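Below you'll find the structure, written out as structure tokens, and then a few comments.
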Amino acid sequence: MTETLLKVEDLRTYFSTEEGVVRAVDGISFELAPGERRGIVGESGSGKSVTAMSIMRLIEPPAGEIVTGTIEFRGENLLMLGDDEMQKIRGSKIAMIFQDPMTALNPVYTIGDQLMETIILHQGVSAAQARDLAIQALEDVQIPNPEGKLSEYPHQFSGGMRQRVMIAMGLSCNPDLLIADEPTTALDVTTQAQIMNLMLKLAAERDTAVLLITHDLGVVAGFCDTVQVMYAGGIVEFGTADEVFHNPQHPYTWGLLGSMTRLDEVHKKRLHSIAGAPPSVIDLPIGCRFKPRCEFAIDKCGKVLPMLQDVEGGSQRVACHRAEELDLKTFTVTDDEHEEVAS
Amino acid sequence: MLAYIIRRLVYGVITLLALSMIVFSLLQMTGGGPLDRLKLNPRMGPYIDTLTELWGLDQPAWRQYLTWLKNYTTPETIALQNVLPVIAIGAAIGLTVLMAKFMKSQWQGLLVVGVWVLALWIAISNTTIKFNWGTSFSGAGDVWNLVFSRAGATFRLGLTALTLALIIGVPLGIYQAVRQYSFFDQLGTVGAFFAFSTPIFIIGIGLQIVLALYLERWTGVKIFYVTGMNSPGYSDLSAIGKLVDTVQHLVLPAVSIALISLAGYARFQRSSMLEVLHSDYLRTAKAKGLPRRKVIVKHALRNAMIPVVTLVSLDLAFMIGGAIITESIFGWPGIGRLYILAITTIDYPLVMAIVMVIGMGLVLMNIIADILYGVLDPRVRYD
Ligand SMILES: Nc1ncnc2c1ncn2[C@@H]1O[C@H](COP(=O)(O)OP(=O)(O)O)[C@@H](O)[C@H]1O
Ligand SMILES: [Mg+2]
């Protein structure tokens, strides 16, 4: 990687709740190059959304707080910026699209009003120019009759259409980074692919880097350059999509891949799922957080927290004590072998 | 929109009919009659029969009701002083139809309400109209004149109280939500709890003692009056003097009525605002890079006020109850005091007239509130 757009280092975001301190993101570090498409995968509760919200600095005190770490964006630590400087970055340099398009738009303002608001805010253009830009933005996301749609309200739009509006809004100021937090999860399957394709195509046209949070590994395999796997507030594996999918190094990644349906393999292999539930991020186990659910755990796993280490050859990194000795690839081939391991 | 308003008016008439039947039946069931007090006086003997016949009390109840209904809805005199009423109502109908057809803006509702309030005001002030609401059984005079000589006073008191409750309660709740758990928020919560759990007559009398009696004793100046609507020498005062005198009389009774509602509005507004503050679209607004002020003022306020409109329209009836009690405490010459008098003397025509006037007011206010709802919330559809 030559140039870095975003560099997150040892980020820790905690929430204080009545049950105790929730270590939602607990010491993650990663870098993102300009124009790169990064997938972030992991079970729900693993800290994906909190990572995104931390980058946007939308974690609301007093409940949540970024305890330590740096988030460098174009060499500037976002965590050191004043509120008004951060506001200039939000929506213009870093934009975000959320999971549920049904509730993400303000019900009492028109689509045009909400789109133009962003454009006027960041581009300092007149209302008339903003209107033209808004029409253009709606056209880009392939909304029919964009001019007429400006005066309509969100409730007059379907879920897919609203998510298109959110994408239009996110990309309207040509951001350097687009964070999409499960943008298609709430949509029906046929729309999902359309929206995902559209979003990534538009991002590519604008050279916008994408942080795509999803639990759809198929999407990551199809659309992302690189992928990072999160588990219980930490990153357990990182690599190019190819590397991670064809040669998973972490038992958790391997488990996730195993629980994925692939049409061509349905007959060959039984789906398996990862036994147990993710640990509570309030009292995390000492040592590897995945240990209680790991089929390959050894004594050391319960004592020492594994750090992300380079895997020899390639760009892959993994946080597992046994990564070197295990060759997980071979376990995924057939059902028999999987059972062999399990017994 | 048009069909909606007409339908609501029809429902309103049905509601009022039902109300009149219920109240009429309740009056029949009280066990006493309007003549009972007279019967205590032996010298009234010969009059009793005359009055019974004159007031139709010897008729079966259903006939009494029908007679009342017929008289109540028949104008005794109706005359236009000029053509303005016709023009105003005609214009209002025309404008409503045009707006319903061609206007797409959410402000439509507000305009329709505004046009009609103005038109009706012009129409009524240029018409001589009087309905045959009968004569008070207790000798207080003609019911129509009686009610309308008192209605203005109650309207003044009620409107002031409602305005106070709204302009203090709503911003208070919003501020509390924005500064959740701050000292001010906690103070507001405790204060609202006290106001809400204190009966209105304690509030009224308490205000009289503290803000009138003690304050006057302490400062030596009369700041608030505890009885009446104006001082005896009111007509001799200058314009400013009149205004000051009016305010001095109005504040304490209006605050007594407003306080409980105000506490309710603040609580309700606070929770509604908190919900909006945690909503997804507010997160979107922040993610856009809008400054916090704009996020709250533009994106949160309007949404947070939508549920409060419903609360206010429900609360009006409660406020009228409060006004009736407060008018007695503060010697306010309004409909409330008249109502208590009417009930204690079982004065059929007067009780019915007052209940129906209050009923009509509430029905109208509810329709207006429901129309205004659509101004705040574009999702509301009038069909
Ligand atoms: N506002 C909050 N208050 C308390 N806990 C929170 C809050 N937001 C997130 N969390 C906790 O942080 C953890 C990670 O959440 P999140 O990042 O939303 O997971 P996901 O990977 O599904 O997006 C979860 O255990 C969640 O309960
Ligand atoms: Mg999430």
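We name chains A, B, ... by the order of the sequence lines, and we start the count at 1 in each one. Note that the structure is predicted; figures quoted are calculated from it, not measured.
Residues of residues 254-292 of chain B lying under 4.5 angstrom from chain A, judged on non-hydrogen atoms, are B:Asp280, B:Tyr281, B:Arg283, B:Thr284, B:Lys286, B:Ala287, B:Lys288, B:Gly289, B:Leu290, B:Pro291, B:Arg292 by number. Among the residues in residues 295-306 of chain B, those with a non-hydrogen atom closer than 4.5 angstrom to a non-hydrogen atom of chain A are B:Lys298, B:His299, B:Arg302, B:Asn303, B:Ile306.
Pairing each heavy atom of A:Pro107 with each of B:Pro378, the nearest pair is O-CG, 3.3 Å.
By the 6.0 Å contact criterion, OH on B:Tyr4 is enclosed, its count of non-hydrogen atoms from other residues, nucleotides or ligands being greater than 12. Under a cut-off of 6.0 angstrom, the local environment of CD in A:Gln156 is crowded, with over 12 non-hydrogen atoms contributed by other residues, nucleotides or ligands. Few gaps surround CG on A:Asp84; more than 12 heavy atoms of other groups in view lie less than 6.0 Å from it. Sparse packing is recorded around CZ of A:Arg74, with 12 or fewer heavy atoms of other residues, nucleotides or ligands lying under 6.0 Å away.
Comparing A:Ile179, A:Leu121, A:Asn106 by how many heavy-atom pairs each has under 4.5 Å with chain B, the most go to A:Asn106. The candidate from A:Gly91, A:Ala104, A:Pro62 with the greatest count of non-hydrogen atom pairs under 4.5 Å with chain B is A:Ala104. Contact tally against chain B (heavy-atom pairs below 4.5 Å) for A:Met53, A:Glu60, A:Met102, A:Arg90: the top residue is A:Arg90. When each of A:Met96, A:Glu117, A:Met86, A:Lys88 is scored by its heavy-atom pairs under 4.5 Å with chain B, the top score falls to A:Glu117.
Proximity to chain B (any heavy atom under 4.5 Å) is shown, for A:Ala95, by neither the backbone nor the side chain.
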